[in-house]
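Letters go in sequence order (proteins before strands), and every chain restarts at 1.
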Amino acid sequence: NAGVTQTPKFQVLKTGQSMTLQCAQDMNHEYMSWYRQDPGMGLRLIHYSVGAGITDQGEVPNGYNVSRSTTEDFPLRLLSAAPSQTSVYFCASSYSIQHSTDTQYFGPGTRLTVL
Amino acid sequence: GENVEQHPSTLSVQEGDSAVIKCTYSDSASNYFPWYKQELGKGPQLIIDIRSNVGEKKDQRIAVTLNKTAKHFSLHITETQPEDSAVYFCAASISNAGKSTFGDGTTLTVKP
């Protein structure tokens with residue numbers, strides 16, 4: 001298993017540009033989440049999904065969109081990039097209630113810089 | 001919503017000493033408390049977790065304790081080694097909710 005994969009690893013955008021951060025998992029996990037990590041602020045939840053076709057907002061959703069059309073993929077879209085979105089983005093996945101485990105598995109991250 | 005506070009933000013110990021990191025949470029409904037280790041340039045990785053029906057859990061040199069009444073849980077690392085140097089995060093969540101609230105992290109440095 002590759003686990004949780006994220007692409008790209010690094011990205012530089014100009015203010016106002018849009019882009020999609022890709023996340024995929026091959027562990028058949030039902031739950032997937034996006035977090036952003038800023039210096040000294042831990043990980044903050046952007047959006048999460050408890051299954052295909054179901055998404056919900058986290059703590060800091062503004063400026064981001066998500067969709068979950070398949071169990072494996074959970075892309076994060078930046079609609080109009082702003083310097084405040086400069087951060088490291090992590091995707092995570094975990095089992096659902098029927099597997100009785102909450103362990104989240106994280107991807108390697110995408111380092112995004114918005115100029 | 002849930003709020004998790006983590007202390008200290010930095011911790012430096014000599015190799016072989018013990019390290020303790022403490023977290024408090026605000027939502028009494030939270031019942032799952034994982035600890036993650038993050039090495040430079042990598043994603044967080046689970047090292048130990050505890051549920052609210054357990055007061056203590058141990059895995060070799062790592063242990064976690066939970067005080068539900070005080071809404072407080074701690075990570076204990078004994079006989080620290082240089083490879084323990086990393087950023088450690090605590091988190092709190094409601095089991096099977098699919099999301100967690102994280103503390104701000106503790107940078108642990110183990111000096112040889």
Using the benzene-type ring in the case of Trp, are the ring centres of A:Tyr48 and A:Phe74 under 6.0 Å apart?
no
B:Glu56/B:Lys58 salt bridge by N-O under 4.0 Å criterion:
no
Among side-chain atoms of A:Ser94 and A:Gln104, is any donor-acceptor pair under 3.5 angstrom?
no
Part of A:Tyr35 within contact of chain B (heavy atom distance under 4.5 Å):
side chain
B:Pro34 versus chain A, the contacting section by heavy-atom distance below 4.5 Å:
neither
Among the options B:Gln6, B:Lys42, B:Gln38, pick out the one with the most heavy-atom pairs lying under 4.5 Å from chain A.
B:Gln38
For the residue pair B:Ser30 / B:Asp27, report whether a side-chain donor-acceptor contact shorter than 3.5 Å exists.
no
Side chain, backbone, both or neither of B:Ser100 within contact of chain A (heavy atoms, under 4.5 Å)
both
Between B:Thr80 and B:Asp17, do the side chains contain a donor N or O and an acceptor N or O under 3.5 Å apart?
no
Heavy-atom contact with chain B under 4.5 Å, split by part of A:Leu45:
side chain
